[in-house]
There are 2 protein chains.
Amino acid sequence: MSRASDRAYDHIRSMILSGELQSGSQIREEALAELCGVSRTPVRDALRRLETEMFVRRNESQRSFVADWSLDDLEDAFQLRAMLEAHAAKRAAARISRDQLARMRFHNAQLKQAIDASRPDVPKFLDNNRLFHALILEAAASERLASMLLQVTEQPVVLRTARQYDLENLRRSHHEHDEVLIAFDNRDGDWAAAVMTAHIRRAFHAYAEAHSTNTEIGKSNMAA
Amino acid sequence: MSRASDRAYDHIRSMILSGELQSGSQIREEALAELCGVSRTPVRDALRRLETEMFVRRNESQRSFVADWSLDDLEDAFQLRAMLEAHAAKRAAARISRDQLARMRFHNAQLKQAIDASRPDVPKFLDNNRLFHALILEAAASERLASMLLQVTEQPVVLRTARQYDLENLRRSHHEHDEVLIAFDNRDGDWAAAVMTAHIRRAFHAYAEAHSTNTEIGKSNMAA
DNA sequence: CGAATGGTATTTGTATACAATAAGCTATCG
DNA sequence: CGATAGCTTATTGTATACAAATACCATTCG
């Protein structure tokens with residue numbers, strides 16, 4: 001992470017997420033290089049990565065622009081995510097080890113603690129939520145699937161909506177995780193997949209509903 | 001395509017597919033640069049692309065290696081492909097235009113001609129097969145889905161098996177395409193998805209069966 | 001004899017200069 | 001007045017030199 005291209009990547013990515021670089025605006029390699037304090041070479045590297053992750057888009061003559069994301073994009077990303085996470089859950093049900101299951105239980109318990117505290121500890125929730133889902137992916141044992149899922153969870157549209165939560169949604173997430181665990185205990189891949197689909201789709205609709213009364217992006221509920 | 005980095009990409013990719021660069025072997029940027037007749041800069045560019053496409057893998061200290069693919073990888077890729085193509089078919093059923101449908105029919109007819117000829121015209125079959133599937137993807141109208149599908153169809157494991165065919169499998173493909181078209185006519189997304197899943201999985205098993213009696217990769221049946 | 005250490009060679013990462021290409025602008029012609 | 005050809009500027013692409021990191025090997029020390 002000390003390599004210049006990684007710093008450039010992180011810097012540009014966070015500038016996009018924060019809105020410092022406006023959606024749709026052109027970005028020039030040299031300007032970014034100055035902003036990041038590196039030369040164009042690592043910036044080009046970073047831009048290529050951000051392009052495959054759909055943070056950046058290039059026109060036919062190779063100019064780069066900050067991608068702009070619509071609500072359709074969000075639904076699209078969530079639909080794919082639901083499908084992929086369900087698939088992961090199904091595969092995981094057939095492959096997961098005792099140890100992995102134990103670790104999943106641990107993270108779901110931690111996540112419950114974060115909610116049950118007098119004031120919900122959202123960062124703690126998010127962290128354990130992330131680890132819970134990561135363990136499913138690990139148990140699913142498909143590198144390709146993992147890289148695809150990364151593509152739809154690390155989308156700007158998703159990340160920018162994953163900031164605020166209401167308690168009700170956090171609790172539901174916890175219970176849905178519990179149900180996934182029971183499905184795993186029973187090695188019931190179809191059950192696990194169905195719960196996971198519902199889990200992701202609920203998260204999407206929680207967002208969409210909040211969004212319909214609040215057009216500002218990034219102020220919505222979305223925990224999966 | 002006249003840019004040096006594109007030439008490097010094509011060159012390296014074809015060297016990997018042809019086996020000229022052996023699976024698992026390390027590849028050095030400078031050596032590739034000489035082979036491609038360009039400098040290291042565009043080679044690095046090409047390697048990054050090939051890495052995201054899983055043609056090339058890098059170890060923890062950034063050395064690059066030609067990826068090696070197992071039968072498990074093949075099944076994995078096909079499983080994901082079946083899921084994604086089914087999803088595409090379902091979306092397409094709800095969105096496809098008259099014109100797109102007409103073009104799909106045309107390509108399926110051409111594909112039939114290629115089989116019915118006294119000697120099957122495999123390249124013609126493949127071309128129209130590709131265009132048929134591309135139209136579904138176009139009608140599905142999801143850029144993300146398209147890029148993911150590319151990731152599993154452009155895999156070395158898949159490409160190296162997509163060379164030889166038997167007539168029986170070609171005919172089945174044609175009929176399955178016909179059924180997809182009928183499902184589209186009826187705007188029945190679930191039907192279209194089911195047919196597509198079967199279509200891809202049949203292709204996989206045709207390969208797997210052939211492979212079990214012929215361990216040499218690249219000499220098998222697989223048309224989807 | 002095995003492990004740790006240091007030096008050397010190999011390989012990748014970065015900066016920079018220059019080349020190629022595309023965009024924008026101005027002047028000219030229909 | 002509108003379109004377009006040609007020039008100018010802006011931007012990306014490539015080559016190359018050098019810096020940094022890593023691997024490889026030999027040697028020494030426990």
Side-chain angles (χ1 to χ4, degrees), chain A residues 1-16 19-68 143 147 150 156, chain B residues 1-16 19-68 143 147 150 156:
Chain A
M1 171 85 84
S2 79
R3 292 193 343 286
S5 87
D6 290 330
R7 278 186 291 126
Y9 171 85
D10 289 340
H11 195 169
I12 298 169
R13 188 174 185 275
S14 76
M15 286 195 296
I16 291 176
E20 199 171 335
L21 293 176
Q22 205 172 351
S23 287
S25 64
Q26 184 173 352
I27 47 190
R28 299 188 321 288
E29 293 174 357
E30 191 149 10
L32 291 178
E34 280 182 26
L35 282 169
C36 300
V38 299
S39 82
R40 272 178 57 215
T41 309
V43 166
R44 287 172 64 82
D45 222 75
L47 283 179
R48 292 285 140 78
R49 268 194 272 174
L50 290 163
E51 193 190 347
T52 68
E53 293 167 6
M54 298 183 79
F55 276 78
V56 165
R57 163 180 302 277
R58 309 177 81 180
N59 69 8
E60 60 289 347
S61 63
Q62 306 301 100
R63 262 75 173 166
S64 299
F65 299 83
V66 178
D68 52 352
E143 233 179 289
S147 85
L150 212 69
Chain B
M1 173 82 87
S2 79
R3 293 193 338 289
S5 87
D6 290 330
R7 278 186 291 126
Y9 171 84
D10 289 339
H11 195 170
I12 298 169
R13 187 176 185 276
S14 75
M15 285 195 296
I16 292 176
E20 199 172 338
L21 291 176
Q22 204 172 353
S23 286
S25 64
Q26 183 172 354
I27 47 190
R28 299 188 320 288
E29 293 173 357
E30 190 148 10
L32 291 178
E34 281 182 26
L35 282 169
C36 299
V38 298
S39 81
R40 271 178 57 215
T41 310
V43 167
R44 287 172 64 82
D45 224 74
L47 282 180
R48 293 285 139 79
R49 268 195 272 174
L50 291 163
E51 193 189 347
T52 70
E53 294 167 6
M54 300 182 79
F55 277 77
V56 165
R57 165 180 300 277
R58 308 178 81 181
N59 70 6
E60 60 288 346
S61 62
Q62 306 301 100
R63 262 75 172 166
S64 298
F65 299 83
V66 179
D68 53 352
E143 231 179 289
S147 85
L150 211 70

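From a predicted model like this one, the values you see are computed outputs, not experimental measurements. Chain A is the first sequence line, chain B the second, and so forth, proteins listed ahead of strands; every chain is numbered from 1.
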Is any side-chain nitrogen or oxygen of A/S39 closer than 4.0 Å to OP1 or OP2 of C/dA15?
yes

Under-4.0 Å side-chain N/O to phosphate OP1/OP2 contact, B/Q62 with C/dG13:
yes

Distance check, rounded to the nearest 0.5 Å: A/F55 atom CZ versus A/S23 atom OG?
11.0 Å

Roughly how many Å is it from [atom1] in [X] to [atom2] in [N], rounded to a whole number?
| X | N | atom1 | atom2 | value |
| --- | --- | --- | --- | --- |
| A/D6 | D/dA20 | CG | C1' | 14 Å |
| A/R7 | C/dA15 | CZ | C1' | 13 Å |
| A/R44 | C/dA17 | CZ | P | 17 Å |
| B/R58 | D/dT22 | CZ | P | 12 Å |
| B/F65 | C/dT12 | CZ | C1' | 12 Å |
| A/L32 | D/dT12 | CG | P | 9 Å |
| A/R28 | C/dA23 | CZ | P | 15 Å |
| B/E29 | D/dT14 | CD | P | 15 Å |

Under 4.5 Å between any side-chain heavy atoms of [X] and [Y], yes or no?
| X | Y | value |
| --- | --- | --- |
| A/V43 | A/L35 | no |
| B/R28 | B/R40 | no |
| A/Q22 | A/V66 | no |
| B/L32 | B/M15 | yes |
| B/T41 | A/T41 | no |

Pair B/E143 + A/R57, salt bridge at N-O below 4.0 Å
yes

Residue closer to the 5' end of DNA chain D, B/Q26 versus B/T41 (nearest nucleotide)
B/T41

Overall bend - the helix from C/dC1-D/dG30 to C/dG30-D/dC1, comparing terminal axes fitted on five pairs, nearest 10 degrees:
30°

Please name all residues satisfying side chain to side chain donor-acceptor pair (under 3.5 Å) with B/R49, sequence neighbours left out, ordered by chain then number.
B/S5, B/D6

Which of the following nucleotides, [options], is nearest to the side chain of [X]?
| X | options | value |
| --- | --- | --- |
| B/R40 | C/dC18, D/dA15, C/dG13 | C/dG13 |
| B/R3 | D/dG13, D/dT11, D/dA15 | D/dG13 |
| B/R63 | C/dT12, C/dA15, D/dT16 | C/dT12 |

Taking for each residue the nucleotide of DNA chain C bearing the nearest heavy atom, is the 5' side occupied by B/I27 or by A/E60?
B/I27

Which atom names give the shortest non-hydrogen contact between B/F65 and B/G24, and what distance separates them?
CD2-O, 3.6 Å

Report which part of the nucleic acid B/S61 touches: base, sugar-phosphate, or nothing (heavy-atom distance under 4.0 Å, all strands).
sugar-phosphate

Residues, nucleotides or ligands: over 12 heavy atoms within 6.0 Å of B/Q26 CD:
yes

Nucleic acid contacts of residues 47-54 of chain A, taken as heavy-atom distances under 4.0 Å to DNA chain D:
A/R48

